[in-house]
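Just follow the structure's listing: the first ligand is 1, and inside any ligand the first atom is 1. What's counted below: heavy atoms across the whole structure, side chains too, no hydrogens, waters or symmetry copies.
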Amino acid sequence: MTRWLVRGGLVATCDDQHTTFEGDVAVEDGALVALGPGAADALTPPYRVLDARGCAVLPGFVQGHIHLVQTLFRGMAEGVPLLEWLRRYIWPLEAAHDEASLRASAELGLCELVRSGTTTLLDMGTTHGHDAVFEACLASGARVFGGKAMMDAGRGVPKGLRETTAESLRESARLADAWQGREGRIGYAYCPRFILSCSEKLLRAVAEAAPARGALVHTHAAEHASERAAVRAIYGASDVEVLARFGLKGPHVVLAHGVQLTPGEMTRAAKAGTRVVHCPNSNLKLGSGVASVRELGERGVHVGLGADGAPCNNNLDAFHEMRSAGLVAGIRSGPGSLDARAVLHLATLGGARALGLASKIGSLEPGKRADLVVVALDDVHAAPALDPLVAVVFACQSRDVRHVMADGRLLVRDGEPLDFDAPRIAARAREEARRVGLRAGVL
Ligand SMILES: [Zn+2]
């Protein structure tokens, strides 16, 4: 049994009261057992010590919308609108993935995420080969929810991604059976990509299958006006209305983006318990607009934060996402509408609530799992850090991440990932990115 004492940090618990204090955090058997000045008394020696002096100690960041399989495509798809971006670049690239490129892409994304303090993520894969992604996730030490993308319809979907409805459901069920609950850190999410690439039959079947397996549903919705218009032309209603009509609503349904949600749709999402994940950098890069995070919160929708994929962001860093969330909220809802504490909530407890995990993670409280990040506050770009939480959200960077722990296992120590060979992963990514880019005809 491994015991840890995280000693002498400024502990920002990120609970609903935003409790902060100077002191220690005691970890035993993967759980937080005591917090505060006398936390060491809760541990029977021997225990290991993690130095957090001069640092903020926070819950590990939660990212509610990631595409690990797209990390290799970073920088390959620039400057085109969403639907063209998908049809010209992302879908052909995903179709060209093989097992080696999927594994390289997932490892690259996981290494970047873990090293910058993300300990939980909700991922969306591609249509094939998802066991390789889950294997990388299990090895990473992170807490990962996700599943294969489902695509049985739609214009411009390449042959390599197009599935029959039955195949898509069968493979999703197989993956869920094989991976759900592994090591207490892996969970399955049915991932119908978005309405335009899924049949009504598939979406209705997902609405039945996911709750029956205790799985999440993870899809894109209300992302861009063009996608909304295309859905309306087919169904005569908005994408979120159509999803709800097919049964895809409720606390297990996580909608990425929600930029275009109307006030009425927000109210109905709140009533149903449907979750939304805010992806500010992706939305800015693809010209989608800015989601009304403050309004969503005021109506009672649980909202998380996500970097989306590397090609629509170029980065998976939670610090970039937090900073952008705070800044763009000023444009959408007025200056100060999302202050540092509100932004930090999105990246921690808010994200955990969005994924239905708030009883286990998202804040530093006794009994929760030991997912935490230790962030240095003493570098010149963060000093003097008189309000440490403002410093974390608006001044700190991923290079300030000193230690990362997930489920009580130390993943990063003194800024160095312990289970990832980062130079080897980056070298393999360069190799595999070239191969997959050539196969797809994109390079
Ligand atoms: Zn996405």
Side-chain angles (χ1 to χ4, degrees), residues 62-74 76-78 80-95 97 102 105-106 109-110 112-113 118 121-127 130 133 144-151 154 156-157 161 189-198 216-228 230-231 239-240 243 248 253-261 275-291 303-318 320-321 324-325 351 354-355:
V62 179
Q63 293 215 45
H65 183 56
I66 295 285
H67 295 264
L68 291 172
V69 300
Q70 294 178 9
T71 325
L72 284 193
F73 314 153
R74 191 185 335 251
M76 278 198 212
E78 296 289 311
V80 286
L82 176 68
L83 294 177
E84 188 187 347
W85 178 82
L86 288 169
R87 289 174 183 140
R88 219 166 104 186
Y89 295 107
I90 301 304
W91 291 348
L93 283 163
E94 283 193 12
H97 257 315
L102 283 166
S105 192
L110 288 159
E112 182 186 2
L113 286 158
T118 295
L121 55 132
L122 175 57
D123 178 49
M124 180 183 291
T126 190
T127 53
H130 203 70
V133 176
V144 182
F145 292 73
K148 70 178 285 311
M150 307 176 83
M151 301 176 78
V157 177
L161 292 186
Y190 278 74
C191 298
R193 185 165 211 132
F194 68 158
I195 288 186
L196 295 176
S197 68
C198 298
L216 296 170
V217 176
H218 183 202
T219 189
H220 298 89
E223 178 173 1
H224 194 278
S226 61
E227 161 256 321
R228 293 269 275 190
V231 173
D239 53 0
V240 282
L243 288 173
L248 291 171
V253 176
V254 184
L255 306 179
H257 301 296
V259 176
Q260 312 289 334
L261 290 172
R275 277 47 169 159
V276 172
V277 176
H278 181 37
C279 306
N281 285 324
S282 163
N283 298 151
L284 289 173
K285 186 149 189 280
L286 289 171
S288 304
V290 178
V303 183
L305 200 59
D308 204 346
C312 61
N313 186 328
N314 281 309
N315 214 283
L316 305 179
D317 182 339
H320 284 273
E321 229 50 47
S324 292
L355 272 52

Contacts of Thr118 that satisfy side-chain hydrogen bond (donor to acceptor under 3.5 Å, both in side chains) - sequence neighbours left out: Gln63
Shortest-distance N/O/S atom, Asp308 versus the Zn ion (ligand 1): OD1
Aromatic ring proximity, centroids under 6.0 angstrom, His224 and His257: no
Residue His220, metal the Zn ion (ligand 1), N/O/S under 2.8 Å: yes
Taking every non-hydrogen atom, the tightest pair across Val259 and Val290: CG1-N, 3.6 Å
His67 backbone or side-chain N/O/S under 2.8 Å from the Zn ion (ligand 1): yes
Presence of N, O or S from His65 under 2.8 Å of the Zn ion (ligand 1): yes
Pro311 backbone acceptor or donor facing Lys285 side chain under 3.5 Å: yes
